[in-house]
Protein chains: 2
Amino acid sequence: MDFEHADAINQAIRLLSLRHRARAASLLAPLGLHPGQEALLLELARHGPMIQAQLSEALGCEPPSVTLMTRKLEAGGHIRRAPAPSDRRASIVELTDSGKALAEQVKQLWCALAEETVRGLPAATVAELPGILNTLTGNVDTRR
Amino acid sequence: MDFEHADAINQAIRLLSLRHRARAASLLAPLGLHPGQEALLLELARHGPMIQAQLSEALGCEPPSVTLMTRKLEAGGHIRRAPAPSDRRASIVELTDSGKALAEQVKQLWCALAEETVRGLPAATVAELPGILNTLTGNVDTRR
DNA sequence: GCATAATAATTATGCGCATAACCAATATGT
DNA sequence: ACATATTGGTTATGCGCATAATTATTATGC
């Protein structure tokens with residue numbers, strides 16, 4: 001592959017990251033959330049109570065990141081942490097009532113953001129978009 | 001759009017961002033670069049000397065980010081900053097010889113990364129990928 | 001010509017992400 | 001059973017990104 005084409009791809013991914021994140025930030029700000037935190041809330045809403053190691057795996061980020069995000073969401077009253085009875089190292093994270101309500105609001109925003117993001121693309125392309133993006137992600141995923 | 005589909009798209013973009021950046025980081029680390037810096041070097045290699053406001057525009061990030069990145073690249077000896085003769089507010093940024101050599105190495109890595117990223121996709125999809133990504137980016141771009 | 005607006009850059013601060021080092025608790029191998 | 005390895009979590013530190021506020025210079029309106 002020549003450099004022009006390669007750069008078009010890499011640069012497009014970089015810019016999409018920046019812009020999609022920035023747009024998410026502006027939508028989440030009125031809810032008092034920063035981008036990244038919504039993923040944690042949605043994962044808890046989907047899966048129910050989890051320990052941080054599971055969150056780290058599900059969100060695709062490292063344990064120290066989860067420590068800080070959970071701390072801030074806990075300070076905001078959206079989640080609760082309790083020691084796991086079966087393993088005294090682990091702490092179980094779950095949504096509070098406020099967190100559950102917030103997650104519902106995030107779901108609405110998430111739909112609006114996705115629709116805005118794919119606007120103007122042919123329906124067929126939209127349909128195969130998740131598959132394409134997942135392939136790209138899998139190709140550069142060194143996490144395993 | 002229902003939440004499942006919306007989340008598939010938003011989450012896929014978020015994960016692609018994380019993984020592509022992480023992969024870029026591991027490729028750039030041997031060159032002593034952090035992700036983001038390569039974009040600045042490549043832009044200077046493509047366009048020649050520029051002032052920071054132009055870099056900010058071209059890279060799609062804010063002026064304070066450019067200030068810090070240029071400071072670090074300058075400390076590494078890869079770029080040089082000189083006051084602009086025509087406008088004493090502006091500073092002209094250009095590659096040093098070391099920076100030019102480094103940019104060439106980055107170009108090689110960039111091709112390898114793009115090939116790795118699109119591996120397994122049909123050629124037709126690869127061909128339209130930049131267009132699709134740019135459409136997505138444009139849809140959420142509030143910068144103008 | 002001079003007050004005012006706009007622009008280039010910087011500093012301060014905060015968030016998400018990372019890695020490295022560390023502690024506490026559980027699992028394992030002999 | 002006990003030393004060792006593994007796992008869950010935290011702290012410290014550093015980078016890229018952001019916004020808000022500040023300074024210095026240039027452009028503009030009357």
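These figures come from a predicted structure and were not determined experimentally. We name chains A, B, ... by the order of the sequence lines, and we start the count at 1 in each one.
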Using only side-chain N and O atoms of [X], determine if any of them is under 4.0 Å from OP1 or OP2 of [N].
X: B/R71; N: C/dT11; answer: yes
X: B/K72; N: D/dG16; answer: yes
X: A/Q52; N: D/dT7; answer: no
X: B/S65; N: D/dA18; answer: yes
X: B/R88; N: D/dA24; answer: no
X: A/T67; N: D/dG9; answer: no

If I take atom [atom1] in residue [X] and atom [atom2] in nucleotide [N], what distance separates them, rounded to the nearest angstrom?
X: A/L18; N: D/dC15; atom1: CG; atom2: C1'; answer: 14 Å
X: A/L55; N: D/dT10; atom1: CG; atom2: C1'; answer: 16 Å
X: B/L73; N: D/dC15; atom1: CG; atom2: C1'; answer: 12 Å
X: B/L15; N: C/dA18; atom1: CG; atom2: P; answer: 11 Å
X: B/R21; N: C/dG16; atom1: CZ; atom2: C1'; answer: 10 Å
X: A/L68; N: D/dT10; atom1: CG; atom2: C1'; answer: 9 Å
X: A/R23; N: D/dC17; atom1: CZ; atom2: C1'; answer: 18 Å
X: B/E57; N: C/dT7; atom1: CD; atom2: C1'; answer: 14 Å

Measure from the side-chain N and O atoms of [X] to the backbone N and O of [Y], and report whether any donor-acceptor pair falls under 3.5 Å.
X: A/S56; Y: A/C61; result: yes
X: B/Q54; Y: B/I51; result: yes
X: B/E115; Y: A/M1; result: yes

Side chains of [X] and [Y]: closer than 4.5 Å at any heavy-atom pair?
X: A/R23; Y: A/L27; result: yes
X: A/M50; Y: A/I92; result: no
X: A/D2; Y: A/H5; result: yes

By nearest atom, which of the nucleotides [options] is closest to the [X] side chain?
X: A/R81; options: C/dT11, C/dT26, D/dT10; result: D/dT10
X: A/A90; options: D/dC17, C/dC17, D/dG8; result: D/dG8
X: B/E62; options: C/dC17, D/dT19, D/dT10; result: D/dT19
X: B/S91; options: D/dG8, C/dA9, C/dC17; result: C/dA9
X: A/I51; options: D/dA12, D/dG9, C/dT26; result: D/dG9

Practice task
Return the 5'-most residue of the pair A/G60, A/D87 with respect to DNA chain C, ranking by each residue's nearest nucleotide.
Solution key: A/G60
Problem - Contact nearer the 5' end of DNA chain C, comparing A/S86 with A/P64 - result: A/P64
Exercise for the section: Calculate, to the nearest 0.5 Å, the distance between atoms CD and CG belonging to B/E38 and B/L33 respectively. Expected result: 7.5 Å
Problem - From B/L133 atom CG to A/R14 atom CZ, the distance as rounded to the nearest 0.5 Å - result: 14.0 Å
Completion exercise
Contact check, residues 25-39 of chain A vs DNA chain C, heavy-atom distance under 4.0 Å, returns A/H34, A/P35, A/Q37
Completion exercise
Any strand, both distances under 3.5 Å, Watson-Crick or G-U wobble: C/dA20 pairs with D/dT11
Practice task
Spell out yes or no: do the side chain of A/R89 and the base of D/dT7 have one donor N/O and one acceptor N/O closer than 3.5 Å?
Solution key: yes
